[in-house]
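Notes for the one structure printed next.
Positions are given from 1, in the same order as the sequence printed here.
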Amino acid sequence: MRVRLRAPIYLCVLAVAVVLATFQSVSAQSNSPANVPATTGSGDSVASELGLLRKSLQTLNSRLQAISEELLAPDKQSENESKESLKKISSNFDLLTRAEERAEVLRKQLIELIEKETAFKMRSTQLDEDMRPENIERAMATVGTTRTAELRETRRRVLENEKRGVESLLSLTTQSRLRLEEDVRQADQLVAKLRQRLFPLIDKEIEKINPNP
C-alpha cells in the first residue's frame, strides 16, 4: 500500500513546490514598484492569476492530506486490532485464573469429604464388630457386678444408637461427595475450555512479536 502511494506523494510535493515558486514570483512582480500595472485590466489579470494559484495550492494541500490519512489508516487499524486482541487475552486470562482457583477449592473440599466418608465407614465397621454378642460379653467381663445381663443390653443399645448416627452421617457425606465430584468435573471442563481458547491467542501474539523465519 505504501509503495504504491509513494509516486503520487512525490508528484504532489513537486507540484506544491512549483506552485509556491510561481506564486512567490508573481507576488513579487505584482508588488514591485518597477512593475506596477499601468492599467486596471493588467491588475485584474494578475489578481486572477494569483487566485488560480491559491486554489491550485489548496487543492494540492488537500490531496496531500488525504494521501497522508490513507497511509496512516492501516497503521491505526492494526494498532486498534492489537489492543482489542490484548484486551481479549487479558479478559480470558482472568476467567481462566478464577476457574482454576475454583476448581482447586472444590478439589480440596472433595478430598476432605472423602476422608470423612472413609472415617465413617471405618467407625461403622468397628461398631458392627463391637455389637457382636461375644464382644459385648468380653467387654462386660471386666465389670464386677451381678447385673451383667442388664449391662449387656445397655451396651448393645448404645452401640446400635451410635451405629445409626454414623450411618446417617455416612449417607449424607456420600451424597455430598457425589455432588462435589460432579462440580469438580464441570470445573475441570471449564478450565480446559478456557485454556483451549486462550493459548492460541497468546501464540498468535507471540508470532507477531517474533515471527518465524
Side-chain angles (χ1 to χ4, degrees), residues 1 72-143 147-213:
M1 181 66 179
L72 293 175
D75 293 337
K76 291 181 179 180
Q77 182 178 1
S78 177
E79 182 179 356
N80 292 334
E81 290 178 353
S82 179
K83 288 181 179 180
E84 288 296 326
S85 179
L86 292 176
K87 183 178 179 181
K88 187 175 182 181
I89 290 175
S90 178
S91 177
N92 281 283
F93 188 79
D94 290 340
L95 288 175
L96 176 60
T97 300
R98 288 196 291 270
E100 288 176 337
E101 291 175 350
R102 179 175 180 272
E104 185 63 23
V105 170
L106 290 175
R107 193 169 286 105
K108 289 181 180 179
Q109 292 177 354
L110 178 60
I111 293 174
E112 292 176 357
L113 276 180
I114 292 174
E115 291 176 349
K116 288 182 179 180
E117 185 180 24
T118 302
F120 289 143
K121 287 180 178 180
M122 293 177 62
R123 182 56 183 163
S124 179
T125 302
Q126 182 62 46
L127 287 171
D128 288 336
E129 185 68 18
D130 292 342
M131 284 190 298
R132 294 176 61 180
E134 60 270 26
N135 290 329
I136 293 178
E137 185 68 27
R138 186 179 298 110
M140 295 296 99
T142 58
V143 179
R147 302 168 55 191
T148 305
E150 184 179 348
L151 290 176
R152 284 198 299 265
E153 183 62 21
T154 301
R155 172 68 176 172
R156 184 183 62 80
R157 286 198 300 267
V158 169
L159 293 175
E160 287 178 348
N161 290 334
E162 185 178 356
K163 169 75 173 180
R164 284 193 293 270
V166 171
E167 289 292 336
S168 178
L169 291 174
L170 177 59
S171 177
L172 292 175
T173 304
T174 301
Q175 294 175 10
S176 298
R177 175 182 60 80
L178 294 174
R179 288 194 298 268
L180 198 55
E181 283 178 345
E182 178 63 19
D183 291 340
V184 170
R185 185 185 66 81
Q186 293 180 359
D188 288 339
Q189 287 181 347
L190 178 59
V191 169
K193 185 181 296 184
L194 289 173
R195 285 175 178 173
Q196 290 176 355
R197 179 191 302 176
L198 177 61
F199 291 165
L201 294 176
I202 296 177
D203 291 339
K204 186 176 180 181
E205 290 302 316
I206 293 176
E207 289 178 358
K208 290 181 181 179
I209 299 174
N210 187 22
N212 295 327

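With rounding to the nearest 0.5 Å, the separation of OG1 in T174 from CD in E167 is 9.5 Å. Between E117 atom CD and L172 atom CG the span is 11.5 Å, to the nearest 0.5 Å.
Counting non-hydrogen atoms of neighbouring residues, nucleotides and ligands closer than 6.0 angstrom, the NZ atom of K163 exceeds 12 such neighbours.
Considering every non-hydrogen atom in both E129 and N135, the closest pair reads O-ND2, 2.5 Å. Nearest approach of A103 to V191, heavy atoms of both residues: CB-CG2, 4.4 Å. Of all heavy-atom pairs spanning K121 and L170, the tightest one is CG-CD1, 3.6 Å. The two residues F120 and V166 make their nearest non-hydrogen contact at O-CG1, 3.3 Å.
Using a cutoff of 4.0 Å between basic side-chain nitrogens and carboxylate oxygens, E104 and R107 are scored as salt-bridged. Taking a cutoff of 4.0 Å between a charged side-chain nitrogen and a carboxylate oxygen, E112 and K116 do not qualify as a salt bridge. For the pair E160 and R156, the salt-bridge criterion is met [side-chain N within less than 4.0 Å of a carboxylate O]. Taking a cutoff of 4.0 Å between a charged side-chain nitrogen and a carboxylate oxygen, E134 and R138 do not qualify as a salt bridge.
Listed by chain and number, the residues in a side-chain contact (heavy atoms from CB on, under 4.5 Å) with Q189 are R185 (sequence neighbours excluded).
Side chains of R195 and E100 form a contact here, defined as non-hydrogen atoms less than 4.5 Å apart. Looking at heavy atoms from C-beta onward, E101 lies out of side-chain contact with V105 at the 4.5 angstrom threshold.
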Item to check | side-chain contact (heavy atoms from CB on, under 4.5 Å) between D130 and I136, worked out | outcome: CA-CA 7 Å; D130 292 342; I136 293 178; over 6 Å; no
Next on the checklist: Pair L106, R102 - check side-chain contact (heavy atoms from CB on, under 4.5 Å), show working.
Outcome noted: CA-CA 6 Å; L106 290 175; R102 179 175 180 272; 3.6 Å; yes
